[in-house]
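The sequence lines fix the lettering, A, B, ..., with proteins before strands; numbering per chain opens at 1.
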Amino acid sequence: MNDQYLLEHMEAIPLDGEGTVVRRPGLVAVFAGDPSDVADLLTEFDASSPKGLALIEELRDLDGLEVAAVVDTPMGVQLVLTGAMHALIDEGDPDDPGLEVRTPAGGTVTDLDDRSASVWIGTAGIRNVLRHSVFNLEAGTVPGGGILLRPIPSAAAIDTPAAATLIPPPIVDEPAVVLPFESIELKPTAPPARQSLPIVAAATPEAIPAPAPTEVETSTPTPSERSTADDQVRGIRCSRDHFNNPSAAYCQVCGISMIHLTHRLVPGPRPTLGFIVFDDGATFALDRAYRLGRQPDPVANAETIAIIDSEHSLSRHHADLSFDEWSVVLTDRGSTNGTFLWDESAGRWNRLAAGVPTVLPTGAHVALGRRTFTYESATRS
Amino acid sequence: MKGIADYIFIERMGTGNHGTFWLAEAPERLAEAGHDRLGVKVLDHHATDQDFRRMANELQVYAAIDSPFLAPIVDAGQQDGTLYYSTPYYDSGSVGAPSRPLTLQEIINCIADASEAAHALHETGVAHRDIKPANIMVTDDGRGRLADLGLAQILTPGQTVTGVGPVGTIEFLAPELIRGEVAGRPTDIWALGATAHRALTGKSLYRDLPSNSLLDALRYLLDTSPEFHSTLPSEVLPIVKRCLLADPAQRFPTALDLATALRGVAV
Ligand SMILES: Nc1ncnc2c1ncn2[C@@H]1O[C@H](COP(=O)(O)OP(=O)(O)O)[C@@H](O)[C@H]1O
Ligand SMILES: [Mg+2]
């Protein structure tokens, strides 16, 4: 049995491109085809949990999806390719450009031996197309056209000496050694103590679908528990009374045009200003300020986001996202590896000076160490 | 993994957005209450003590809700920072992955049941936040049980999409949630409508959803109205349409209104 080259010892770096990248125990795969078909397939796998050779069989017989996959089997790791997918196996020898495996008719299975330093798999043209940053997909599904599989960098091992052998896994395998646990048995006793959720609706419509929009009672739901004087801004109201950015052409709540409204500025609580999407797909709404980092300490006026960082590129408290009137503002907190804003016209990353707030334009790409996110504004102009 | 706390795992049933689901032997301490086999959800999120309190609070409120259509939570806990909770195991699977074929009428019944369950949650001040076909369990007599209260929001406040869900599941997210509005009745009602459409047609609401970037997919969702597939039974179409209106105030006012509408459908 080949101990060296098991998927758990590898990191999987998703690459840009059309497709879906999947990592789960014993499988790393890139699918080309309808992502909802991929979702269905994964649901099927959840039900039947095929592993090893059985999993390879399933992957080779897919209808409508092409796949490039690396699968753990009792005989070691195997590579599966169907359709137009391809792979490049680089054994780490600088004089040897590596073995390219391409577009085999009807699918192929190749043994990968433990000398293989890294493997690229994916749709044609994925080679060397790294994202703005590199992150290790530990588990899950993200969009992408390929994956680079390589041994987990030894930096991790230097950081925590003999990590692999000394740190116990979170859950014990042997029933003999039971870690302490706490549990609460949930019984339908205590009466529910909370208020019901507000009904957000126009006066009971008669017909289905609802008649043309009438006067709607609601105002923008706001994070009122958190709002302070700082959260007050001046804005405009759409014809249905939703509070908006004065520069918005369409209401961000109901989408109605505000172009012909008289723009009278009124004070109100700041609505959500959009969202940020990290390179692994984690999405956060900008209805509150955030403190970002590897392990930021909690604060009263912001939520913390602990960012997964397998490469130790982030500082504990790396940067802050906050607001200035209708703008989203990013501030580096003196991080070691820096906070960067992508400059599309110059084609490079600009490092932010520590402690200096920078307004983010919509679509801004931001890098914190080796992780990135993109900011998308809620304002429809 | 062979178990967690005093549960012994029998089989791994699948991995979802927030954790892994196991079929397990129930511990002795729960035998009295008549449990022998249970489903155990082990969350990926590495939890602090505060996280555990937050989860426990939320689940306590949930446990006290009296609805026949909620999948009950039997027990919750943490071991070394790993959170888990257990629920009855449903042999028939979920509306998303049933272990036997479901008729259209059964699917409609299950979603009506889940809507009633969601209403009970709403009346208690709780939004579910993760309604989708895989979270509506099916009983042996073809009725629905709403499961898997969305805990992600409680553990990671502000987060609307976890990084590890198949892109295919973002159709259940009401567009206003992506923009950062608070989850509530209208967002769960959207998810119920999207669930009905998905389960009854097997098709996505968004035909050309970009698949190469989540950001593009989210932008697309914000700019595009859902499209209803032609195989959606015509009796259900107006109901689903109303759940998926862009303006939250134009959807069914409550999930009970939705349940009532669905109960009136015979296909
Ligand atoms: N209580 C249960 N009884 C039987 N099957 C279940 C139960 N809960 C979940 N499952 C099944 O296990 C699989 C994984 O579930 P879960 O981890 O909740 O992920 P998700 O809901 O995101 O698909 C799903 O296919 C689901 O149908
Ligand atoms: Mg589930």
Identify which part of [X] has an atom lying under 4.5 Å from any heavy atom of chain B, answering side chain, backbone, both or neither.
X	value
A/D40	side chain
A/E182	both
A/F45	neither

Chain A contact via [X] - which portion, at a heavy-atom distance below 4.5 Å:
X	answer
B/L30	side chain
B/F21	neither
B/E176	neither
B/A134	neither

Problem set entry | Passing option when B/D188 is tested against B/H128, B/R251, B/H122 for side chain to side chain donor-acceptor pair (under 3.5 Å) | B/H122
Problem set entry | Donor on one side chain, acceptor on other, B/T260 and B/D257, under 3.5 Å | no
Exercise. If you count the non-hydrogen atoms of other residues, nucleotides and ligands that lie under 6.0 Å from CZ in B/R207, is the total more than 12?
Worked result: no
For this session: Run the numbers on A/L286 and A/Y375 for side-chain contact (heavy atoms from CB on, under 4.5 Å), then give the verdict.
Result: CA-CA 9 Å; A/L286 296 173; A/Y375 157 61; 3.4 Å; yes
For this session: Show your reasoning for whether ring-ring contact (aromatic ring centres under 6.0 Å, His included) applies to B/Y7 and B/Y84.
Result: CA-CA 10 Å; B/Y7 290 80; B/Y84 73 88; 5.6 Å; yes
Exercise. Is the backbone of A/D297 close enough, under 3.5 Å, to the side chain of A/R291 for a donor and an acceptor to pair up by distance?
Worked result: yes
